[in-house]
Amino acid sequence: MFLNGLDMNYVPLMKEVGLGWRDEAGQEIDDLFSFFRCKGASCLRIRIWVGDSGPSRLPYAMNLAEEACKADLKIQPTIFLSDSWADLYKQPEPKSWGSISFQEKLNLIESYVTKVTQEFAALKDMCEYYQIGNEIDYGICGVFAGGNKYRKRKRKDIEWLKEKIWSKEAIILKRAIRSVRMFEDEKPIALHLGKWWDSLLVKSFLSAMEEFNVEYEIICFSFYPTTFGANLEPLRQFRNVAKERGKEVVIAEYAYPSSLVKGQFWFMNKPSPKYPLTLEGQSSWIKDFLNQCLKLNIRGAFYWSPELYLTKDHAGKLSEPKEMPLSFGWEPMSFFNKKGYAKPCVNSLNS
């Protein structure tokens, strides 16, 4: 079954600060998970940071998972080996792990992943697969190709990446995967890459993971086409890369704007051919994207933060945590306008 997925990790935090959502008729939405389940969504991607309290930490993630399951949504736990944001251009280790040896870090990773998996085992019938890390092309958990003035050159040096970064990253991944399989040996494991447009990097990373005997079943990609004005052809390339290695493919993150994006993601403003940055263009792109995923037998796709409709104008008007801000300008990508009313694209998931 195709996983028509969403990544809605802001929902509890938005409700906490008094924000809500309204449907196409202007009626208040009591349960956003049930609303999207009726619209065609089937799975929720859940972000899990290291820590015991606060947004995206384990208790927060478990509450989110339980709410999703009540709405008959499957779940997909994504275990960040960090205590904050980690993505293509940053992979911090948890702050409390910074002064320990590599072996001690591996032991903490094993303990942490075991704790997460044990907690989610209570929802195992609703769990589709586990993802280890987020956009791990250049490293994970503090082992990262960055932090000095030579990083851009080093990131282009595949042999350097393989020797200095991927060899250690593989050890971390194997320890985390082993910990998951101790309790969930039948659940697939996914690795997630962010630099989808760099085919050399993607293939080199995957070849290195194969050489280092990292065992997994799913390759995930982030896909934000308006970074480059891309069409849907990359989906076929993703499918082929995975097929060559006997893996399945999932789009771990995707989104398309209904207007010009301002703020942190200002660079995602190049429309794909035939899909203008309008409400209609957003709706059409999502429909065609999902249909193409189905045609290519892609296992699933997760829209990133359809619930988050705030703009930069909201900054300073809400009690939002610095570690997980709400007003960085995602409204053009959202399924709701800046007043919280549903856009036409809420009906695109049923395509």
Side-chain angles (χ1 to χ4, degrees), residues 49-50 78-94 97-98 100-110 112-113 129-181 188-223 234 237-238 240-253:
W49 291 347
V50 174
T78 295
I79 303 175
F80 281 60
L81 299 181
S82 66
D83 57 4
S84 61
W85 296 104
D87 53 45
L88 183 59
Y89 297 119
K90 57 183 178 295
Q91 289 290 335
E93 61 200 349
W97 298 6
I100 61 177
S101 69
F102 186 67
Q103 184 57 52
E104 289 173 319
K105 181 188 289 188
L106 292 176
N107 293 337
L108 288 175
I109 288 169
E110 181 172 356
Y112 163 65
V113 175
Y129 64 89
Y130 281 84
Q131 181 181 308
I132 307 298
N134 183 74
E135 297 185 343
I136 59 173
D137 315 43
Y138 290 124
I140 194 170
C141 195
V143 176
F144 182 59
N148 61 66
K149 63 182 180 180
Y150 303 111
R151 63 183 181 272
K152 289 186 178 180
R153 179 173 63 84
K154 291 296 187 183
R155 286 175 183 167
K156 296 179 181 179
D157 187 337
I158 297 300
E159 289 304 313
W160 182 88
L161 285 170
K162 181 178 176 182
E163 178 185 353
K164 300 296 185 180
I165 304 298
W166 294 339
S167 58
K168 288 186 176 180
E169 182 174 2
I171 296 171
I172 291 172
L173 289 172
K174 287 194 286 187
R175 184 63 68 93
I177 291 168
R178 186 180 75 179
S179 299
V180 172
R181 298 217 197 270
I189 299 292
L191 304 183
H192 176 195
L193 300 178
K195 206 169 185 180
W196 55 269
W197 60 93
D198 190 336
S199 59
L200 175 60
L201 179 70
V202 167
K203 291 180 180 180
S204 298
F205 175 90
L206 295 173
S207 294
M209 293 304 107
E210 183 177 348
E211 182 178 336
F212 295 134
N213 298 312
V214 177
E215 297 181 356
Y216 65 100
E217 291 73 38
I218 300 171
I219 303 171
C220 294
F221 293 94
S222 295
F223 184 53
Q237 298 168 14
F238 301 159
N240 291 343
V241 166
K243 191 174 181 180
E244 288 170 2
R245 288 164 174 78
K247 313 294 184 184
E248 293 186 286
V249 63
V250 167
I251 309 303
E253 301 178 22

Least distance between heavy atoms, [X] atom then [Y] atom:
X	Y	result
Trp97	Ile100	O-CG1, 3.1 Å
Glu110	Ser179	CG-OG, 3.2 Å
Ala176	Ile132	CB-CG2, 3.9 Å
Ala252	Gln131	CB-OE1, 3.9 Å
Lys105	Gly142	NZ-CA, 4.2 Å
Tyr112	Phe80	OH-O, 3.2 Å

Applying side-chain contact (heavy atoms from CB on, under 4.5 Å) between Tyr138 and each of Leu88, Val143, Leu193, report the one that passes.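 Exactly one option meets the side-chain contact (heavy atoms from CB on, under 4.5 Å) with Tyr138, and it is Leu88.
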Ile140: which of Ile172, Ile109, Asn134, Ile165 passes side-chain contact (heavy atoms from CB on, under 4.5 Å):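 That would be Ile172.
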To the closest 0.5 Å, what do you measure between CD1 (Ile136) and NE2 (His192)?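 Going from the CD1 atom of Ile136 to the NE2 atom of His192 covers 9.0 Å.
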Does any part of the side chain of [Y], heavy atoms only, come nearer than 4.5 Å to the side chain of [X], both counted from C-beta?
X	Y	result
Asn107	Arg175	yes
Glu135	Glu253	yes
Phe102	Lys168	yes
Val113	Ile177	no

Check whether [X] reaches the backbone of [Y] with its side chain - one donor and one acceptor, N or O, closer than 3.5 Å.
X	Y	answer
Trp166	Asp137	yes
Glu217	Ile189	yes
Glu215	Arg178	no

Taking the six-membered ring of Phe212 as reference, does the cationic atom of Lys174 (NZ for Lys, CZ for Arg) lie under 6.0 Å from its centre and within 45° of its axis?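 Checked: cation-pi criterion not met.
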Here's a test for you: under salt bridge (charged side-chain N to carboxylate O under 4.0 Å, His left out), which of Glu210, Glu169, Glu211 qualifies with Lys162?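 So, applying the salt bridge (charged side-chain N to carboxylate O under 4.0 Å, His left out) to Lys162 and each of Glu210, Glu169, Glu211, only Glu211 qualifies.
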Using a 3.5 Å cut-off and no angle test, enumerate the donor-acceptor pairs between side-chain atoms of residues 197-206 and protein atoms at least two apart in sequence or in another chain.
unit_1 : atom_1 : unit_2 : atom_2 : d
Asp198 : OD1    : Leu200 : N      : 3.4
Asp198 : OD1    : Leu201 : N      : 3.1
Ser204 : OG     : Leu200 : O      : 2.7

Just say parallel, tilted or perpendicular for the rings of Phe223 and Trp196, cut-offs at 30° and 60°.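 Aromatic pair Phe223/Trp196 classed perpendicular.
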